[in-house]
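Written out below as structure tokens is the structure these notes cover.
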2 protein chains.
Amino acid sequence: MSESVALDPVDLHILRLLQNDARTTYRELAAEVGVAPSTCLDRVARLRRSGVILGHRLRLDPARLGRGLEALLLVQVRPHRRELIGPFVDRIRALPESRAFFHLTGPDDYLVHVAVADPTDLQRLVLDEFTSRREVARVETRLIFQQWECGPLMPPTADGRNPATGSGTRPGS
Amino acid sequence: MSESVALDPVDLHILRLLQNDARTTYRELAAEVGVAPSTCLDRVARLRRSGVILGHRLRLDPARLGRGLEALLLVQVRPHRRELIGPFVDRIRALPESRAFFHLTGPDDYLVHVAVADPTDLQRLVLDEFTSRREVARVETRLIFQQWECGPLMPPTADGRNPATGSGTRPGS
DNA sequence: GGTGAAATTACAGCTTC
DNA sequence: GAAGCTGTAATTTCACC
């Protein structure tokens, strides 16, 4: 069970800036936050150790990689038992088309975010990797018109209102 | 319209390694790929200029930030017209609970990935930010049991099979 | 692809509250 | 004593050849 970590305003400011651009240098962070670069280094190292920061990821454009069509697949697995879902999960995660994968409550057991070349490629994926599997009872395909990234992830505030956004929390493009 | 970019095996190898850890140094990349560090620098710079690499993102643990409950909200907006969806999209993107946001085909117009503190917080979010809006006709809430990240994003292969994974494409935990 | 300068990062010891 | 600052060494980045 991962427990919530106590974060002071300096930590939060650093996290907000790094979420905007994970390659911000400690010097720049320091100038913005108003502490020494080494302090920023210490803070970031602690945030890593405490598990708040899990890592750094590259953000790629699927379209430029020849995967210009994205979709969400809602999948019902029957029977919904461990022996069957283990191999299913492993297989779906390993697909080169899979971007993200969720196990959910509700009528659909899984949601898979996929990126494919075109509708033909999507059809192949659905038929060959989903509906052809014995444990897959149903697949519903929803194309993605557009997707957005949202603002930085911050701890909730006590009153349930937006946290103060410091130096401008404007979600990227 | 973003067009697919031609990538050679060196580019693909670099992209695979950087997707595993975006902070890999050019020296390490060079050693793995078998080219000079300066060549890696050139390649990465080109991948940035060509739009394949959009940026670097921090991967955070929502639970450690006090947002231990995640859910997907399927939202139907009626009438589904530009005048109404503009403000809706802006508002939902700006919510501190929103992590990702999709405009979809199918019976549900939008899917919102949210991270909240607990069920009470989720209830507040759904009631105050979704069902209370006049243009929101229906919201379906699906809790997330578990989620996975998938393997590195690579261009599709001609035959629709998995691309060669070089030095071990094992998706992270 | 290699080299060298500049910048960044890591890490020590010292200071402060 | 925990947290932050300053200085220095090691590493990384990057412009130029």
Side-chain angles (χ1 to χ4, degrees), chain A residues 2-61 64 152-155 157-158 163-168 172, chain B residues 5-61 64-66 152-153 166-168 172:
Chain A
S2 78
E3 205 38 62
S4 190
V5 173
L7 301 168
D8 70 13
V10 171
D11 292 319
L12 295 178
H13 200 162
I14 288 174
L15 282 176
R16 190 155 37 232
L17 293 169
L18 283 179
Q19 281 183 85
N20 196 269
D21 176 8
R23 271 169 39 122
T24 308
T25 64
Y26 294 120
R27 175 184 297 207
E28 283 180 281
L29 285 182
E32 285 268 9
V33 176
V35 296
S38 60
T39 304
C40 286
L41 185 82
D42 282 347
R43 294 303 190 111
V44 172
R46 194 181 316 163
L47 289 167
R48 284 181 156 278
R49 278 197 308 275
S50 65
V52 173
I53 296 176
L54 296 171
H56 292 248
R57 290 187 76 73
L58 217 53
R59 207 158 57 88
L60 301 183
D61 182 351
R64 308 254 179 191
L153 194 64
M154 288 279 127
T157 48
T165 45
S167 52
Chain B
V5 172
L7 301 167
D8 70 14
V10 171
D11 292 318
L12 295 178
H13 200 163
I14 288 174
L15 282 176
R16 189 154 38 232
L17 293 169
L18 283 179
Q19 282 182 81
N20 197 268
D21 176 8
R23 270 170 40 122
T24 308
T25 64
Y26 295 120
R27 177 185 294 208
E28 283 179 281
L29 285 182
E32 284 266 11
V33 176
V35 297
S38 59
T39 304
C40 285
L41 184 81
D42 283 346
R43 294 304 188 108
V44 172
R46 193 179 317 163
L47 289 168
R48 284 182 157 275
R49 278 198 307 275
S50 65
V52 173
I53 295 176
L54 295 171
H56 293 247
R57 288 187 77 74
L58 216 54
R59 207 158 56 87
L60 301 183
D61 182 351
R64 309 253 177 189
L65 286 169
L153 193 63
S167 53

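Numbers restart at 1 for each chain; the letters A, B, ... are given by sequence-line order, proteins then strands.
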How would you list, by chain and number, every residue that makes a side chain to side chain contact (heavy atoms under 4.5 Å, CB included) with [X], sequence neighbours excluded?
{"X": "Arg57(B)", "result": "Arg59(A), Glu149(A)"}
{"X": "Thr24(A)", "result": "Leu18(A), Asp21(A), Glu28(A), Leu29(A)"}
{"X": "Ser4(A)", "result": "none"}

Spacing between Asp8(A) atom CG and dG4(D) atom C1', to the nearest angstrom: 12 Å
Atom-pair distance (CZ on Arg49(A); C1' on dA3(D)), nearest Å: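 From Arg49(A) CZ to dA3(D) C1': 13 Å.
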Between protein and nucleic acid, restricted to nucleotides 5-12 of chain D and to nitrogen or oxygen atoms under 3.5 Å apart, what atom pairs and distances do you find?
residue	atom	partner	partner atom	Å
dC5(D)	OP2	Ala36(A)	N	2.8
dC5(D)	OP2	Thr39(A)	OG1	2.3
dT6(D)	O4	Ser38(A)	OG	3.4
dT12(D)	OP2	Arg27(B)	NE	3.4

Exercise: identify the closest heavy-atom pair between Ala30(B) and Ala36(B): CB-C, 3.7 Å
Residue pair Ala22(A) / Leu58(B): nearest heavy atoms and the distance that separates them: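 Result for this residue pair: CB-N, 3.8 Å.
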CG-CG distance between Leu153(B) and Asp61(A), expressed to the nearest 0.5 angstrom: 9.0 Å
Option from Val35(B), Val44(B), Ile53(B) for which side-chain contact (heavy atoms from CB on, under 4.5 Å) with Ile14(B) holds: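 With Ile14(B) as partner, Val35(B), Val44(B), Ile53(B) yield a single side-chain contact (heavy atoms from CB on, under 4.5 Å), made by Val44(B).
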Residue pairs involving residues 45-55 of chain B (criterion side chain to side chain donor-acceptor pair (under 3.5 Å); sequence neighbours excluded):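 Of all non-adjacent pairs touching residues 45-55 of chain B, those that pass side chain to side chain donor-acceptor pair (under 3.5 Å) are Arg48(B)-His56(B).
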5′-ward residue of the pair Arg46(A)/Arg23(A) relative to DNA chain D: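 Between the two, 5'-proximity favours Arg46(A).
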Where chain A begins and ends its contact with DNA chain C, read 5' to 3' at 4.0 Å from heavy atoms: dT8(C) to dC11(C)
